[in-house]
Amino acid sequence: MERVFNFSAGPSMLPETVLKKAARELLNYNNTGQSVMEMSHRSTEFKNILVKTKTLLREVMNIPENYKVLFLQGGASSQFAMVPLNLMTKNNKSDYVITGNWATKAYLEATNFGNCNIIASSKDKNFSYIPDLNSEAFSKDADYVHICLNNTIYGTKFNKIPDTKDIPLIADISSCILSEPIDVSKFGLLYAGAQKNLAPAGLTIVIIREDLIGNPMSFTPTMFNYKVHASSDSLYNTPPCYNIYMCMLVLEWIKNEMGGLENMKKVNYKKAKLIYNYLDSSKLFHGFAEPKDRSIMNVVFSTLSDKLDKQFISKAKNFNIININGHRKIGGMRASIYNAMPIEGVMSLVEFMEKFEKNI
Ligand SMILES: *Cc1c(COP(=O)(O)O)cnc(C)c1O
């Protein structure tokens, strides 16, 4: 069977050249006579993979010297606890901006460990926009401010990074990491589960400013302590070795084939525009997010009729378009168009939307 255009929000598509390379190297990596899956994580060969992946991520994302990159497990969801355990330790206070499901989960987890304030929320309009944040919004004694940069379920993103001055800004970038350049120096910590834009599920990336490491709550489990992972170079225990290798291949693809993040951004805006332009001209389909806050990774839309939405989702399969259904929280459709979704996939989707609209 032909490869499908998989619009899933995650796990999602990986670049075909990456999958082919991984397949070629599956049984015999770099003339070692073994698969990366079978290798000791203490072997020189694997350590080279780890160093290379880290170096590539630093280079592609332009991560400043005073930040550490950690390769962890447990998904973005574990970071919902790890962030407060390690960082909510000066005044035991933090600020959260509620822009959707993931931001809410992060907030609820943090309330187990201290005083968390909701300083802004877009719940009043079902998370269809990003609330304004001026500098007065933040609590002066907050240990950090947490945002979810791209809201995967609702298809919104912060198009402007809030200026929190001296308060460290923490962001969940699970669904937008590597989609465009980001000024890492504006953040205290960034985290992302890998399964949207980086690698298969099972790897979690944390990028943390060095001065924020090393002051966790006394009862923090060893595996939840950033210092433990930072001082052992992500080799405190067995890391997700194969996923790190896949991440390396994806980073090589971004650097060598896609021309780095500046170009990745151009491609991603082009793809997103194709769908948004059609939505804006369509009489049948309606975009969900406020235009000024639109995500370039997750495009959420519907016909406003459950029956037609269901028909659309079901007929899409005939066009090789799968997983186009919206999240169960809001229904309708969602096209997740991460880095690995080829522009041909987006063109097929728009063509199908036009056909569907003409024929109902
Ligand atoms: C998918 C997603 C998560 C959940 O990630 P897990 O790795 O499954 O824990 C959290 N935040 C955002 C923004 C996501 O898109």
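Side-chain atoms of Lys68 never come within 3.5 Å of backbone atoms of Tyr226 as a donor-acceptor pair (strictly under, hydrogens ignored). Asp163 contributes a side-chain N or O that, together with a main-chain N or O of Lys165, makes up a donor-acceptor pair within less than 3.5 Å. Here the side chain of Asp172 pairs a donor or acceptor atom with the backbone of Ser174 at under 3.5 angstrom. With hydrogens and angles ignored, the 3.5 Å screen pairs a side-chain donor or acceptor of Asp143 with a backbone N or O of Asn91. Distance alone, capped at 3.5 Å, is enough to place a donor-acceptor pair between the Asn134 side chain and the Glu136 backbone. Formation of a donor-acceptor pair under 3.5 Å by the Lys271 side chain with backbone atoms of Met341 is found in this model.
Using a 30° and 60° split on the angle between ring planes, Tyr236 and His229 fall in the perpendicular class, above 60°. In this pair, Phe285 and Phe312 present their aromatic rings perpendicular. The plane angle is above 60°, beyond the 30 to 60° band.
Across all non-hydrogen atoms, the minimal contact from Ser234 to Val69 is OG-O, 4.1 Å.
Comment: Lys93 engages Asp141 in a salt bridge, judged by a side-chain N to carboxylate O separation of less than 4.0 angstrom. Between Glu351 and Lys355, at least one side-chain N (NZ, or NE/NH1/NH2) sits under 4.0 Å from a carboxylate O, which counts as a salt bridge. Electrostatic pairing of Arg294 and Asp280 counts as a salt bridge here, judged by a charged N lying under 4.0 Å from a carboxylate O.
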Salt bridge (Lys or Arg N to Asp or Glu O under 4.0 Å) between Glu109 and Lys105, intermediate numbers included: CA-CA 6 Å; Glu109 186 74 48; Lys105 284 192 166 163; over 6 Å; no
Run the ring-ring contact (aromatic ring centres under 6.0 Å, His included) check on Tyr107 and Phe80 step by step: do they pass? CA-CA 7 Å; Tyr107 161 77; Phe80 299 166; over 10 Å; no
With side chain to side chain donor-acceptor pair (under 3.5 Å) as the test, would you mind laying out the steps for Tyr338 and Asn298 before giving the verdict? CA-CA 8 Å; Tyr338 299 118; Asn298 312 96; 3.1 Å; yes
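The line from OG of Ser282 to CG of Asn277 is 12.0 Å long, rounded to the nearest 0.5 Å. Annotation: the span from Phe138 atom CZ to Asp166 atom CG amounts to 12.5 Å, rounded to 0.5 Å. The distance from atom OH of Tyr67 to atom CE of Met61, rounded to the nearest 0.5 Å, is 10.5 Å. Atoms CD1 and NZ, on Ile98 and Lys123 in that order, are 9.0 Å from each other to the nearest 0.5 Å. The OH atom of Tyr96 sits 11.5 Å away from atom CD1 of Ile119, with the distance rounded to the nearest 0.5 Å. Atom CG in Asn117 sits 4.5 Å away from atom OG in Ser139 (nearest 0.5 Å).
Only one option out of Glu354, Glu357, Lys273 pairs with Tyr278 in a side chain to side chain donor-acceptor pair (under 3.5 Å); it is Glu357. For the side-chain contact (heavy atoms from CB on, under 4.5 Å) with Phe187, the lone residue among Ile208, Ile182, Ile207 that qualifies is Ile182.
Side chains of Glu180 and Asn268: a donor-acceptor N/O pair is absent below 3.5 angstrom, by distance only.
With sequence neighbours excluded, the residues forming a side chain to side chain donor-acceptor pair (under 3.5 Å) with Lys52 are Glu252, listed by chain and number.
Hydrophobic cluster membership differs between Leu169 and Leu189, with clusters built from Ile, Leu, Val, Met, Phe, Trp and Tyr side chains linked at under 4.5 angstrom.
Cation-pi check for Lys20 over Trp253 is not met; the charged atom does not lie both under 6.0 angstrom from the ring centroid and within 45 degrees of its normal.
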